[in-house]
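Before any comments, here is the structure.
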Amino acid sequence: MKKEGTKLIGQNKKARFNYTIEDSLECGIELRGTEVKSFREGNISFPDAFAEIIKGEVWVKGLHVSEYVYSSIFNHDPDRPKKLLLHRDEIKRLERKVTEKGYTLIPLDFYLKDGRVKVNLGVCKGKKMFDKRADIRDRDLHRDMQREFRNKLDG
């Protein structure tokens, strides 16, 4: 994901564990003045954030952008829904996917790209408990293999 000219602000690891990601899409986000400064400092929280399509527009809800510390009384509302910037055909494609059973839109990453805040929006399906256990088992096996490989190189 790390490309030239991008700076990762936040990553939703909880979403990657709880959902299988079918598709992802880069989109812009509509922010007010002090929200951009808070984003740049990384003062965001989005463990339970999700996106929904309302009247042909995509909105992110559950995204908390802390107030900018050095601002005056004209600060932003930290929990207001934020509009995502997508093309009309992309929104229609997402809407068709979401109307299928079990799919939801989850923001996976927030990052700066050429000075603009971008969102990596994932079309996700919830995992069952046995899927999560299988992921944990695979992760542990991979970690053990890495450890053995490292020990053989050192020893």
Any chance you could lay out the side chain to side chain contact (heavy atoms under 4.5 Å, CB included) test for Leu105 and Leu84, step after step, and finish with the verdict?
-> CA-CA 12 Å; Leu105 299 172; Leu84 294 182; over 6 Å; no

How far apart are the C-alpha atoms of Arg16 and Ile21, what are their side-chain angles, what is the distance that settles it, and do they pass the side chain to side chain contact (heavy atoms under 4.5 Å, CB included) test?
-> CA-CA 7 Å; Arg16 294 178 195 280; Ile21 301 160; 3.8 Å; yes

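With sequence neighbours left out, the side-chain hydrogen bond (donor to acceptor under 3.5 Å, both in side chains) criterion links Lys97 to no other residue. Every side-chain contact (heavy atoms from CB on, under 4.5 Å) that Arg32 has, sequence neighbours left out, goes to Glu35, Arg80. Here Arg40 pairs with nothing under the side-chain hydrogen bond (donor to acceptor under 3.5 Å, both in side chains) rule; sequence neighbours left out. Scored by the side-chain contact (heavy atoms from CB on, under 4.5 Å) test, Lys37 finds Tyr68 as partners (sequence neighbours excluded).
Interatomic distance, Lys118 NZ to Leu112 CG, rounded to the nearest 0.5 Å: 10.5 Å. Distance check, rounded to the nearest 0.5 Å: CG of Leu141 to CD1 of Ile136 gives 12.0 Å. The distance from atom CD1 of Ile106 to atom OG1 of Thr104, rounded to the nearest 0.5 Å, is 4.5 Å. Rounding to the nearest 0.5 Å places OG1 of Thr99 at 10.5 Å from CG of Leu94. Here the CZ atom belonging to Arg116 is positioned 12.0 Å from the CG atom belonging to Leu31, to the nearest 0.5 angstrom. Between the CD1 atom of Ile53 and the CG atom of Leu86 there is a distance of 8.5 Å, given to the nearest 0.5 Å.
Ile29 and Ile91 fall within the same hydrophobic cluster, where Ile, Leu, Val, Met, Phe, Trp and Tyr residues are linked whenever their side-chain heavy atoms come under 4.5 Å apart, directly or through other members. Using a 4.5 Å cut-off between side-chain heavy atoms of Ile, Leu, Val, Met, Phe, Trp and Tyr, with links allowed through other members, Leu63 and Val36 fall into the same hydrophobic cluster.
Residue pairs meeting the ring pair (Phe, Tyr, Trp, His ring centres under 6.0 Å) criterion with at least one partner in residues 42-66, sequence neighbours excluded, are Phe46-Phe110. Each salt bridge (Lys or Arg N to Asp or Glu O under 4.0 Å) pair with one or both residues in residues 46-55, not counting sequence neighbours, appears once here: Lys14-Asp48, Glu52-Lys61.
Between the side chain of Ser38 and the backbone N or O of Asn43 there is no donor-acceptor pair closer than 3.5 Å. Asn120 contributes no side-chain N or O that, together with a main-chain N or O of Leu108, makes up a donor-acceptor pair within less than 3.5 Å.
Proximity of Val58 to Glu90: side-chain heavy atoms (C-beta onward) are nowhere separated by under 4.5 Å. Taking 4.5 Å as the limit, some side-chain heavy atom of Val65 sits within range of a side-chain heavy atom of Lys82.
Shown here for Val60 and Pro107, the closest heavy-atom pair between the two residues is CG1-CG, 4.5 Å. Nearest approach of Leu121 to Cys27, heavy atoms of both residues: CB-SG, 4.0 Å.
Within 6.0 Å of CZ on Arg143 lie more than 12 heavy atoms contributed by other residues, nucleotides or ligands.
Using a cutoff of 4.0 Å between basic side-chain nitrogens and carboxylate oxygens, Arg147 and Asp140 are not scored as salt-bridged.
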